[in-house]
Amino acid sequence: MESMIRDIALAPSGHAKIDWVKRFMPVMAAADKEYSVTKPFAGIKMVITLHLEAKTAYMATIFKHAGAEVAVTGSNPLSTQDDVAAALVEEGIHVFAWHGCTEEEYSVFLNKALDIKPDIVIDDGGDLVDMLHTTRRDLLPGLIGGSEETTTGVHRLKALERQGKLEFPMIAANDAYCKYLFDNRYGTGQSTWDGIMRTTNLVIAGKTVVIAGYGWCGKGGAMRARGLGANVIITEVDPIKAIEAVFDGFYVMPMDEAAKVGDIFLTLTGNKDILCKRHFDVMKDGAMMANSGHFDVEINIPELTEGSASNKVVRENIREFVQPDGRRLYLLAEGRLVNLAAGDGHPAEIMDLSFGVQFFSALHLMRHGKEMKKGVHLMPDEINVEIANIKLNSLGVTIDELSADQKEYLGLA
Ligand code: NAI
C-alpha cells in the first residue's frame, strides 16, 4: 500500500480525533452499520480529494468498510492534519498529503492518488476533475463519475459543461439541500468565527465586520457575527442578495466605502480580487482580513505584499503587513480558508449531513452512473429526504405526516 504522509508516529492523536467526531455523525454511522455488511463498493476504487481532517477521514474509512479501495489527498495545503493522515494509513487507506505541501507536491499527490485508476472520484474545488480532463485523460475510459463538494468546484464543472467538455457525470453534492443549507450556512458561519477567534484571541463584540458575499456562506458568517455582537456590513454584486441582506437587517454598501470603516474583513464570494490595493490603501490601522472562500484569491495577496513596506508573522496564522505610512494590516491564515487553515473546519454534526450526501451520491453513481449522461447532475431528492430523516431521528425530533386527505388537497396523492 503506497502512501506519502509526514509521520506515521502521529497516528494515535489522529485516531483520537476520528473517534471524537464519530460520536456526532449518526448519518454516517447508519451508513457504516448497513454497508459494512453488504459491501456495495466491493471492487470499486475511489479517489477522495477533500480537506483532510477527522470528518473526512471517518468518511474514507466508511467507504473502505463498504468494500472500496480508497486513496485520499488533501484539497488545500494548509487544511491537512498530519496526525489524521497517519491514522488513515493505519486504517488501510492510501494517503498522499501533508500539511503545508507546495503546489508541486500537491500535484504529485493528486497524480499518485489517481494512479489507483479510480471508478469514482470525490472532488473539492475542481482540481482533481481538472487533472482528469488535462494530464490524466488516460483514466477517462474507466471512470464512472464523481461528485463535487463545494460551490467553487460546481462553478468550474458548469463552465466545463457549457463548453461541452465535461467528460463524465458529476453530481453537484454542494447543491443538495442537505449540503448547502447546513454546511455552507451554519458550518461556515460557526467554524469561520471559531478560526478567527482562536487565531486572534480578540473580542468580536463592538467591532465592525465587513462580509463580502451574501450567498449561503456569507449569510452564515453574517448571522454568527451579529450573534457575537459585531456591527455587520455586507458587500454584494447581486441586487437580490443585497436586498435580502438589507431586510435581514445588515448595512449594505460597496467595498470601496466599507474598506474605510471595517475592523475585520471576511471574504466569502468564490470570486477574486475582492480586497485589493485600493482597499488596503484606505483601511484603518489594525484592520484584519480573513477569507473563507475556497481559493486564496479573494484577498489580493501579491498586491498586499508589493504595496507593504514589510511583512512578518506576528503570531501563528497572523501575518502583519506594515504600510508605507505606518498602518498595520493583518492577514489571517495566509488568505486560505480560515476555518480550515486556522481551525478544524465545520462541526462534525454538520459534516454528517454533507458527507451523508457524498456517501449516498457515490452509491447512486455506482448503481446508475453508467446510464447517467456526461454533465452536472443534482443528487436525487429522495436521498435528501432519507438523510434528513436519519438526522432527525438521531436528534430525537419527530415531525407530523401528511394525511391522505392533505396529500389529495395538495395534489400529491
Ligand atoms: P454563493 O454562490 O451562494 O455566494 C457567493 C456570493 O458572493 C454571491 O451572492 C455572489 O453574488 C457574491 N459575490 C460574487 N462576487 C462578488 C464581489 N465581487 N463582491 C461581493 N460579492 C460578490 O456561494 P457560497 O456557497 O456562499 O460559497 C462561497 C465560497 O465559499 C465558495 O468559494 C465556496 O466554494 C466556499 N465554501 C467554503 C466553505 C468553507 O468551509 N470555508 C464551505 C462551503 C463553501
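Note that the structure is a prediction, hence the values are computed from the model and not measured. Both ligands and their constituent atoms are indexed starting at 1 by order of listing. Along the sequence shown, residues are numbered consecutively beginning with 1.
Remark: of the listed residues D82, N76, V84, T73, V84 is the sole one forming a side-chain contact (heavy atoms from CB on, under 4.5 Å) with L52.
T152 OG1, 3.3 Å is the protein heavy atom nearest to atom 31 (C) of ligand 1. Nearest to atom 19 (N) of ligand 1 among the protein's heavy atoms is V237 CG1, 3.7 Å.
Assignment of H346 to the shell around ligand 1 is supported, since a heavy atom sits closer than 4.0 Å. Ligand 1 lies out of reach of Y180, whose nearest heavy atom is not under 4.0 Å from it.
Ring centroids of F168 and H133 are separated by less than 6.0 Å, placing the two rings close together. Proximity of the aromatic rings of F41 and F63 is defined here by a centroid distance below 6.0 angstrom, and this criterion is met.
At a 4.0 Å heavy-atom cut-off, ligand 1 touches T151 through backbone and side chain alike. When non-hydrogen atoms are compared, ligand 1 lies under 4.0 Å from neither the backbone nor the side chain of T192. The residue N174 has no part lying near ligand 1, judged by heavy-atom distances below 4.0 Å. Using a 4.0 Å cut-off between heavy atoms, T269 contacts ligand 1 through both its backbone and its side chain.
Residues satisfying the ring-ring contact (aromatic ring centres under 6.0 Å, His included) criterion with F24, sequence neighbours excluded, are W20.
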Which pairs of donor and acceptor atoms, one on a side chain in residues 313-332, lie under 3.5 Å apart (sequence neighbours left out)?
| residue | atom | partner | partner atom | Å |
| --- | --- | --- | --- | --- |
| R315 | NE | T199 | O | 2.6 |
| R315 | NH2 | T199 | O | 3.3 |
| R319 | NE | E334 | OE1 | 3.3 |
| R319 | NE | E334 | OE2 | 3.3 |
| R319 | NH1 | N311 | OD1 | 2.7 |
| R319 | NH2 | E334 | OE2 | 3.3 |
| E320 | OE2 | Y330 | OH | 2.8 |
| Q323 | NE2 | S308 | OG | 3.0 |
| Q323 | NE2 | F321 | O | 3.4 |
| D325 | OD1 | R327 | N | 3.1 |
| D325 | OD1 | R327 | NE | 3.2 |
| D325 | OD2 | R327 | NE | 2.9 |
| R327 | NH1 | F280 | O | 2.9 |
| R327 | NH1 | M283 | O | 2.6 |
| R327 | NH2 | F280 | O | 3.3 |
| R327 | NH2 | D281 | O | 3.2 |
| R328 | NE | D285 | OD1 | 3.3 |
| R328 | NH2 | D285 | OD2 | 2.9 |

